[in-house]
Engineer: 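Sharing a structure here in structure tokens format.
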Amino acid sequence: MGTNVCVLASGSSGNCTLIHTDTTTILIDAGLPGKVAVERLLAADVHPSDIDAILITHEHTDHVSGLGTLSRALDIPVYASEATWKALDANPRVCGPVREKNKRVIAAGELFNVKDLAIQPFPVPHDAAGPLGYCIIDGARKVGIATDAGHATQEMKQQLADCDLLVIEANHDVEMLMVGSYPWALKRRILSDLGHLSNEAAGEFLGSIVTERTSNILLAHLSKENNLPELALLTVIAILRLNGIAVGKDLRVGLTYRNRMTRPIKIEKGYCKVC
Ligand SMILES: [Zn+2]
Ligand SMILES: [Zn+2]
């Protein structure tokens, strides 16, 4: 028993997260080449044919580049908002075709099920057509995922409060971004309300949603140019401590990676175990 979470990749070069229980296996986003996704699934002890569904957050290439290949090979349902499907249909080269019979339209606020998992999609502010974050609920266990969010909304706080495990974006350090080599227009986009969450913003957000139940936080979508893994960790942990949240034995804060998978994390009743 338990809910298992493994982030197979996270960042602007590809995003894919595996969540599986004894009965149900899903992927959140499919931004890895098919071959790499399969290798990492096998390394996480999951056979690709076990995947029941793919949930898409939004249509940006780093979240869907492997979607067409994977969904056609596995012939499984793919869930995305209506606006995301429209954007993908308007630009089919982003991920290649998904079979019509496998397209499922979901809407923010409307709970749905994939076998034994209840999934709650919610809106996130990002410069995409209809971006979503997800809470995945397996009985008593709750996993929350929100990346690619320009700021933390009240609704995100409500949805993501009291999760066992959180995957939250810590994209950039604001000073590194400001003095870095990105063109000004791109800097403005990243810093905007529809861009990406900074380390500080992630820390403040996490400080408002972590509860005694929360035992694991994974920082996601770190920028290669405008962040350092240690800086993201130290910033978030410092802000959590300022908010009176003790990071250590009962609450772990860890990283996700652009070029490799995290260690699988198993959530059992009341605690998370890093396998
Ligand atoms: Zn992204
Ligand atoms: Zn994006």
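Whatever order the structure lists ligands and atoms in, that order sets their numbers, starting from 1. The structure displayed is predicted, hence computed values, not measured ones.
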Engineer: Using side-chain contact (heavy atoms from CB on, under 4.5 Å) as the criterion, point out the one residue from Thr256, Thr17, Leu18 that pairs with Leu8.
Structural biologist: Leu18

Engineer: Mind listing the protein N/O/S atoms less than 2.8 Å away from the Zn ion (ligand 2)? Waters don't count.
Structural biologist: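 Listed by chain and number, the nearby protein N, O or S atoms are His58 NE2, His60 ND1, His126 NE2, Asp148 OD2.
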
Engineer: For residues Asn243 and Gly207, report the shortest heavy-atom separation together with the two atoms involved.
Structural biologist: CG-CA, 4.3 Å

Engineer: If you define the side chain from C-beta out and look only at heavy atoms, does anything of Val143 sit under 4.5 Å from Cys163?
Structural biologist: no

Engineer: Could you check whether any side-chain heavy atom of Asp148 comes within less than 4.5 Å of a side-chain heavy atom of His58, counting everything from C-beta outward?
Structural biologist: yes

Engineer: Taking NZ, NE, NH1 and NH2 as the nitrogens, is one of them in Asp75 or Arg99 under 4.0 Å from a carboxylate oxygen of the other?
Structural biologist: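 Answer for the salt bridge query: yes.
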
Engineer: Is Arg213 salt-bridged to Asp164, cutoff N-O under 4.0 Å?
Structural biologist: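 Between Asp164 and Arg213 there is a salt bridge, with a charged N closer than 4.0 Å to a carboxylate O.
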
